[in-house]
Asks: 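Before I ask anything, let me first share the structure, which is written out below as structure tokens.
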Amino acid sequence: MRILVLPGDGIGPEITAATLRVLEAVDERFGLGLQTDVREIGLASLAEQGTTLPGDVLDLVTEVDGTVLGPVSHYDYPPRADGGINPSAELRTRFKLHANIRPCRSVADLSVLRTPMDLVIVRENTEGFYSDRSMYAGTGEFMPDEDSAFSIRKITADASARVARAAFEIARTRRKHVTAVHKANVLKLSDGLFLREVRKVGEDYPDVELRELIVDAAAARLIRDPGSFDVLVTTNMFGDILSDEASELCGSLGLGGAINAGDDVCVAQAQHGSAPDIAGRGIANPVSLIRSAAMLLDWHGQRCRRGELVAAARAVDDAVGEVVGNPATRTPDLGGTLTTDELATAVAEAVCRQPATTEPATTAPTASAPTASTPTAREDSHA
């Protein structure tokens with residue numbers, strides 16, 4: 001399996017190095033034959049090549065079996081015309097990575113919830129309220145005068161159907177329940193179209209129950225009754241907000257993995273931002289990116305029917321759970337004292353203790369990696 005690695009900005013290089021340390025351990029344990037190709041993006045490539053996302057890096061995305069993308073400080077980038085391309089948004093839209101898959105599983109002594117959470121949020125990734133993804137040309141935002149600003153929301157049948165199918169496929173591997181989260185009482189046309197497509201896809205999955213819930217109620221129910229959810233599917237901004245809420249309720253934003261999945265391309269990406277305020281201090285929590293990389297192994301293993309990759313992903317997830325479950329082996333954001341490198345070493349050692357068995361691949365990408373934490377005073381979203 002060949003993996004493209006893009007460290008990114010801020011704490012990105014530190015947590016990416018930690019993730020590579022764990023991948024090396026699981027590669028050795030399971031004999032996976034992993035090959036990594038590390039390339040610069042973000043502010044580093046802007047300084048050297050005049051762009052935050054070089055063309056040769058984009059070309060590699062379709063040549064490799066998966067990509068690991070570190071956090072990026074796109075808020076600090078210059079305009080696109082001056083080389084400031086948001087790598088996260090560009091990869092999602094260019095390669096049609098419609099499904100942002102974010103598992104959320106609570107950690108007992110870190111969660112604020114009264115009852116456990118174990119769910120997956122599947123968020124449409126390429127359009128919606130994110131206006132930089134809504135237009136063929138231009139940003140989707142404009143000001144006709146100095147006191148008025150407009151932003152375009154785009155919802156298409158194709159993207160809605162694709163993300164719905166991803167959600168139903170995941171639900172089939174879990175408790176067979178999908179909740180479509182929307183605001184169709186106000187956004188009657190756009191969310192109405194989204195719901196139409198979700199219902200249509202749902203007809204192909206008679207074994208999976210479909211429920212519809214307004215986003216306000218969903219946000220409240222995540223707190224009051226998290227056990228009522230299995231898989232949630234929703235549009236871009238709603239999914240971004242709800243998944244961050246769910247991860248924090250589970251324990252912290254930096255403990256949860258995430259992948260951006262299309263038909264043939266998958267990008268693993270931490271749920272949190274680049275945290276430039278703590279960059280270089282060696283205290284960043286790398287768990288989210290480690291778990292995201294494990295999800296990438298699982299995604300490729302399921303597609304290629306390679307049980308050893310699926311088993312390796314589970315081993316990484318279990319190793320992270322073992323380390324994070326012990327208060328003595330946590331990073332400072334979780335009340336511990338370990339550095340980024342020390343936590344990576346602890347996870348790598350735990351991986352070596354996992355049984356090197358092979359698990360059967362299923363027909364759908366699973367979302368087994370739990371979630372939760374990132375160490376940021378300034379928590380830039382990776383949106």
Side-chain angles (χ1 to χ4, degrees), residues 88-104 119-136 140 151-174 176-219 222 229-244 246 258-267 269 299 363-365 367 382-383:
S88 177
E90 189 71 15
L91 293 177
R92 295 177 185 187
T93 54
R94 181 180 291 253
F95 300 109
K96 298 184 176 6
L97 308 181
H98 293 284
N100 181 214
I101 301 169
R102 295 184 174 188
C104 302
L119 56 84
V120 179
I121 295 178
V122 184
R123 159 197 174 195
E124 202 293 315
N125 224 5
T126 64
E127 53 184 34
F129 274 123
Y130 289 85
S131 57
D132 62 336
R133 287 151 234 197
S134 295
M135 305 293 287
Y136 172 72
S151 183
I152 295 174
R153 185 192 198 211
K154 175 184 175 183
I155 301 292
T156 65
D158 179 65
S160 298
R162 286 174 179 269
V163 74
R165 194 163 299 279
F168 277 96
E169 287 288 338
I170 292 171
R172 268 189 169 169
T173 69
R174 291 173 49 90
K176 295 182 171 59
H177 190 284
V178 170
T179 302
V181 180
H182 65 93
K183 190 69 173 176
N185 57 324
V186 175
L187 303 168
K188 297 181 184 294
L189 294 180
S190 53
D191 266 5
L193 175 60
F194 170 73
L195 287 177
R196 185 194 79 185
E197 293 304 308
V198 173
R199 293 166 188 156
K200 188 184 300 183
V201 170
E203 293 174 359
D204 296 334
Y205 298 83
D207 54 321
V208 179
E209 179 185 356
L210 173 63
R211 176 177 62 184
E212 298 171 8
L213 192 62
I214 292 175
V215 64
D216 316 51
L222 282 172
F229 293 110
D230 180 19
V231 177
L232 294 82
V233 62
T234 189
T235 52
N236 204 339
M237 182 175 287
F238 294 161
D240 195 6
I241 296 169
L242 290 177
S243 59
D244 282 2
I259 56 172
N260 307 287
D263 292 338
D264 301 304
V265 173
C266 185
V267 176
Q269 186 176 16
W299 177 85
T363 57
H382 70 38

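Sequence positions, counted from 1, serve as the residue numbers for this chain.
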Asks: For the residue pair Leu210 and Arg199, what are the closest heavy atoms and their distance?
Replies: CD2-CA, 4.1 Å

Asks: To the closest 0.5 Å, what do you measure between CZ (Arg165) and CD1 (Ile170)?
Replies: 13.5 Å

Asks: Okay, side chain of Glu212, backbone of Leu195: is any donor-acceptor separation there less than 3.5 Å?
Replies: no

Asks: Should Val178 and Glu209 be marked as a side-chain contact (heavy atoms from CB on, under 4.5 Å) after you check the CA-CA gap, both sets of side-chain angles, and the distance that decides it?
Replies: CA-CA 6 Å; Val178 170; Glu209 179 185 356; over 6 Å; no

Asks: Looking at side-chain heavy atoms only, is the closest gap between His98 and Thr126 below 4.5 Å?
Replies: yes

Asks: For Met237, check side chain to side chain contact (heavy atoms under 4.5 Å, CB included) against everything at least two apart and list the hits.
Replies: Phe129, Tyr130, Ile241

Asks: Quick check against the 3.5 Å criterion: does Asn100 have a side-chain atom that pairs as donor or acceptor with the backbone of Ile259?
Replies: yes

Asks: Judged by modelled atom types alone, do Thr235 and Arg153 share a side-chain donor-acceptor pair under 3.5 Å?
Replies: yes

Asks: Checking side-chain contact (heavy atoms from CB on, under 4.5 Å) for the pair Val163/Asn125: CA distance, chi angles, key distance, verdict?
Replies: CA-CA 8 Å; Val163 74; Asn125 224 5; over 6 Å; no

Asks: Could you check whether Asp207 pairs with Arg172 (Lys NZ or Arg NE/NH1/NH2 to Asp/Glu carboxylate O, under 4.0 Å)?
Replies: yes

Asks: Would you say His177 and Arg211 make side-chain contact, with heavy atoms under 4.5 Å?
Replies: yes

Asks: For the residue pair Arg133 and Thr93, what are the closest heavy atoms and their distance?
Replies: CG-CG2, 3.3 Å

Asks: Please report the interatomic distance CG(Leu242) to CG(Leu119), rounded to the nearest 0.5 Å.
Replies: 10.0 Å

Asks: Could you report the tightest heavy-atom contact between Gly239 and Ile121, atom names first, then the distance?
Replies: O-CG2, 4.2 Å

Asks: Do Arg162 and Asp263 have side chains that approach each other closer than 4.5 Å (heavy atoms only, starting at C-beta)?
Replies: yes

Asks: Answer whether the closest heavy-atom distance between the side chains of Val231 and Val233 falls below 4.5 Å.
Replies: no

Asks: Taking all non-hydrogen atoms of both residues into account, name the closest pair between Ala159 and Glu124 and its distance.
Replies: CB-OE2, 3.6 Å

Asks: To the nearest 0.5 Å, how far apart are OG1 in Thr234 and NE2 in His182?
Replies: 9.0 Å

Asks: If I take atom CZ from residue Arg92 and atom CG from residue Asn236, how far apart are they, to the nearest 0.5 angstrom?
Replies: 7.0 Å

Asks: Please find the pair of heavy atoms, one from Ile155 and one from Gly128, that lie closest to each other, and give the distance.
Replies: CD1-CA, 4.0 Å

Asks: Rounded to the nearest 0.5 Å, how far does CD1 of Ile152 lie from OG of Ser190?
Replies: 12.5 Å

Asks: Where do Ala157 and Leu193 come nearest, in terms of heavy atoms and distance?
Replies: N-CD2, 4.0 Å

Asks: In chain order, what residues pass the ring pair (Phe, Tyr, Trp, His ring centres under 6.0 Å) check against Phe168, with sequence neighbours excluded?
Replies: Tyr205

Asks: Below 4.5 Å, heavy atoms only, C-beta onward: do Val120 and Ile101 meet side chain to side chain?
Replies: yes

Asks: So do the side chains of Val267 and Leu97 get within less than 4.5 Å of each other, counting heavy atoms only?
Replies: yes

Asks: I need the Glu169 CD to Asp204 CG distance, nearest 0.5 Å.
Replies: 9.5 Å

Asks: Between Leu213 and Phe229, is there a side-chain heavy-atom distance shorter than 4.5 Å?
Replies: yes

Asks: Decide yes or no for Glu197 and Val201: does some side-chain heavy atom of the first lie under 4.5 Å from some side-chain heavy atom of the second?
Replies: no

Asks: Could you tell me whether Arg123 and Asp240 have a side-chain N and a carboxylate O separated by less than 4.0 Å?
Replies: yes

